[in-house]
Each structure stands twice: as C-alpha cells, then as structure tokens.
Amino acid sequence: MDHFEYRAGELYAEDLKVSEIAEKVGTPFYCYSTATLERHYNVFSGAFDGVNHLVCFAVKANSNLAVIKTLADLGAGADVVSEGELRRALEAGVPASKIVFSGVGKQPHEMALALEVGIHQFNVESEPEVQVLSRVASELGKTAQIAFRVNPDVDAKTHAKISTGKAENKFGVPWQDVSRIYGQAAKLPGIEIKGVDVHIGSQLTDLEPFGNAFDRVRELVQKLRSEGHDITRVDLGGGLGIPYDGNIPPSPSSYATVALNSIGNLGCQLIFEPGRLIVGNAGILVSKVIYVKQGAERKFVILDAAMNDLIRPAMYEGYHQIDTIKQPDASTVISPADVVGPVCETGDTFARERDIPEVQADDLVAFRSAGAYGAVMASTYNTRPLVPEVLVRGDQFAVIRERPSLEALLDLDKMPPWLEKK
Ligand SMILES: *Cc1c(COP(=O)(O)O)cnc(C)c1O
C-alpha cells in the first residue's frame, strides 16, 4: 500500500498534485511519501510486537537524511555499510546504540569511528576482518560487539546480482567453519561475541529460502551455545520483496511467522535490516516526455530521466510500473512502446514493448516503486546532474536534496598545471 493515487483525474502524492511539484521543482525528480514510509515501518515493526527486536533500516536503499530521520523518529535503527552511511545515520538522529555495521570491506578508519560512537554491533564477514577489528578496538581501548555473518548456502531464488547467501557469493563466513572461527575470535582482545547474522539476498518473493536460512541459524546458535559462546542476538538481515508488478510478495506478518518459528524461542534479541520493504513503494521518479519517436519497428517514448537516474532496469532487469500523471480514462489509447532515456546506450531502456497510455511531448510520467535503490544508485553519466529528491507530508512538500548546477558539476574537475590556459 502506498499514498500515490489518482484523484480527480491525476496522480497525487498524499494530498499534493504531482504535477504541481513538477512545476516547482522541474523534472526529473524523486518524490517520497512520509505516510508511506511510516506505514511500512510500522507494519514491519508491528509484526514483531511483543518480541525483543530492533529494526535497523538498511540505509543503502535510500540514504537521504530526511528519509532516515523520518524513520529514526519512529524508533528505527540503521544498518550501515560505510563510514559515509554511519555519518548519515548519526546525523539523522539514529542513536549509535541502534546501529549495526555490515559489509565485506570495512576499513580501520571506519571501524574506529563506529567504536568511538559506540555502535550496537559489527556484522563481521571474515577472519582477516575480525583480526583488524580486534587491533583497532584494542588500540582505542574499546570493545567491539560482534556477530559473524554466516553464509548459509541457501538459494534465495532472486536475481543473481542480488543473491548473497550461496556458498559462491562473497558474503559471510562459510557455515562449516563457524565453530572454528567463533572459537578463535572469542580469544581476541577487544572482541565480544554477541550473535549470529545472516542476509541471503534482496527482493525475495518466497518465504522458503528465509525459512531454510533461519533454521540453519537456529542450529548454529544452539551449537555455539553448547561450545560456550553467550549468543544473545540474532540478526536476520533484510531482503523481503515488494510488489513491483502484479505479484504480491509475502506480507511482513507471514515473514514474521517464519522468523519466529525458527528463532522465536531462543531468547535472543532479533535484529532486522529491511531496506527495500520500507522505502521501495514510498517513492516515485517523475519524468517528462521529451519526444515520441516512431522507429522502423517500434514506438519510442523518450524521457528526460535516464539510466543514470534509475539504474535498476539496466542493471538487473528491474521492473517499474510506468504511470501517466494524467489518469487514463475510457477514451485513452493503450499501445506498446519502448520507454527510454536520452543516454547514449541501448541499455538506457526502462521498458520494452510495454503497453502504456499514449503520451505526447511534455506529458509527465511516474515510475512507481522507485524509492529503494533509485536515487542512491544515481550517477552523473553523460554529465547529467543528480536529480533532486522531494519529501511530501500531507499537503506540504520540501526539496530534501537539491539539483546541483552544471557549474558545480564541472567545477569538480581540475586542470593539471600543464594544461592550464597561458
Ligand atoms: C542490502 C542489504 C540489506 C537490505 O536489503 P533489502 O532487500 O533492501 O531489504 C540488509 N542487510 C544487508 C547486509 C544488506 O547488504
């Protein structure tokens, strides 16, 4: 459920006409809905009511400070994967005690900041990493609370580029080695073992892989406890999918049933790291039609948004519903078109032979479900400035990231002395 709906013939974001925002901000732009963010967070967290749990929003899905703050105000923690994301979470008011730090390549300076502010947990992904963390913590006179991310070797049955829980993936420690790795880490100075962590992939639309992974985690917790480790936390990662097309993934409450069946009676704090589920359907990308071009075989709708603004279709065949801002009615002609951007690559295609309402130059369209892995993955390819982000709340909106000027973009480049004008 989201708060982007047609009213009186045109698309609204909560109580605002999307067309009015477009007039003020210019296109393309990302538009997020506060009510949708809040709803998704509350539905997910609410599924674990009465259970000792912590929802750490995966900041990499959407790292705008205003988005993080909206969630932090509801009590959300944060799952971060870099010093930059850690700084964003702190700046947005997430208490350090609700921050977990994930990722395969944490560097000493990143660990040091996390230790200094006192984050809840490091999700450690390798033996070399725990050795570096031990050294950094000892030097600072701190103790790092850790879980190892284990690779449960289950098939998440999602797109290969967003599967992370197979033995062949770069993530986590092999589950066969867990006893040895925990045994050695327990002896390291500056390291306090707290839990077990797992994250098997993103956009899962089936509960079975979760169940398999969580059962494996339960076995590991029991085994590690029998080997003398005081395991009090289990981090089950993120990954629950959202509806992009007609298919409806499992609800947070059925996901919770699976999680609690596996892990519920272990007496552990349960940590979750949802990203896409919270922000995905809380955002749209609004774009304008530049040209409609009749090719030899196909019709092309050329937009002012491109793959540099929203890369999911080009990168992992991501599907986004494309709606016209003007509501189609009985007289609207629907016909197939390729919806493309202006970037000079064939990959800059949002949809092929998609049945969409007929549009003409200057019409506005919205890519639905663009709140996750949208703005955060944008680049300036083709020297296109990053598009702005707007947050709506009821009948108000604010620009929460401005469109940089081309001057600012060009100014980042510097001439070496030998090329400077004489
Ligand atoms: C990407 C990621 C998440 C969030 O995944 P979603 O599919 O957006 O819920 C959570 N935890 C880790 C470790 C991740 O890498």
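In this chain, residues are counted from 1 in sequence order. Every number for a ligand or one of its atoms is a count from 1 in the order of the listing.
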Checklist entry - Within 45° of the six-membered ring axis of F44 and under 6.0 Å from that ring's centre, is NZ or CZ of R39 located there? => result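 Here R39 fails the 6.0 Å and 45° test against F44.
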Checklist entry - Relative to Y373, does K60 satisfy both conditions: NZ or CZ under 6.0 angstrom from the six-membered ring centre, and within 45 degrees of the ring's axis? => result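 No, K60 and Y373 do not form such a contact.
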May I ask you to check whether [X] has an N/O atom sitting below 3.5 Å from an N/O atom of ligand 1?
{"X": "S102", "value": "no"}
{"X": "G275", "value": "yes"}
{"X": "L277", "value": "no"}

Item to check | ligand 1 versus P274: contacting region, heavy-atom distance under 4.0 Å | outcome: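 The backbone, only.
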Item to check | Region of H199 that comes within reach of ligand 1 [heavy atoms, distance under 4.0 Å] | outcome: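 For H199, the contact with ligand 1 is made by the side chain alone.
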Checklist entry - Is the count of non-hydrogen atoms from other residues, nucleotides or ligands lying under 6.0 Å from K299 atom NZ greater than 12? => result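 More than 12 within 6.0 Å, yes.
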Where ligand 1 meets [X] - atom numbers and elements under 4.0 angstrom, heavy-atom basis:
{"X": "G238", "result": "9 (O), 10 (C)"}
{"X": "D79", "result": "10 (C), 11 (N), 12 (C)"}
{"X": "R276", "result": "6 (P), 8 (O), 9 (O)"}
{"X": "R149", "result": "13 (C)"}

How far is [atom] from its nearest protein heavy atom, and which residue and atom name does that atom have?
{"atom": "atom 1 (C) of ligand 1", "value": "K60 NZ, 1.3 Å"}
{"atom": "atom 11 (N) of ligand 1", "value": "E273 OE1, 2.6 Å"}
{"atom": "atom 7 (O) of ligand 1", "value": "S202 OG, 2.3 Å"}
{"atom": "atom 8 (O) of ligand 1", "value": "Y373 OH, 2.5 Å"}

Taking the ring of [Y] and the ring of [X], is the distance between their centroids below 6.0 Å?
{"X": "Y41", "Y": "F57", "answer": "no"}
{"X": "F350", "Y": "H320", "answer": "no"}
{"X": "Y6", "Y": "Y12", "answer": "no"}

Item to check | Between Y319 and R368: side-chain donor-acceptor atoms closer than 3.5 Å | outcome: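 On atom types as modelled, these side chains do not qualify, holding no pair under 3.5 Å.
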Checklist entry - Do T36 and D2 meet the criterion of a side-chain donor-acceptor pair at a distance under 3.5 Å? => result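 Side chains of T36 and D2: no pair found under 3.5 Å.
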Item to check | Candidate list L310, L391, I284, test side chain to side chain contact (heavy atoms under 4.5 Å, CB included), partner Y30, passing option | outcome: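 By the side chain to side chain contact (heavy atoms under 4.5 Å, CB included) criterion, Y30 pairs with just one of L310, L391, I284: L310.
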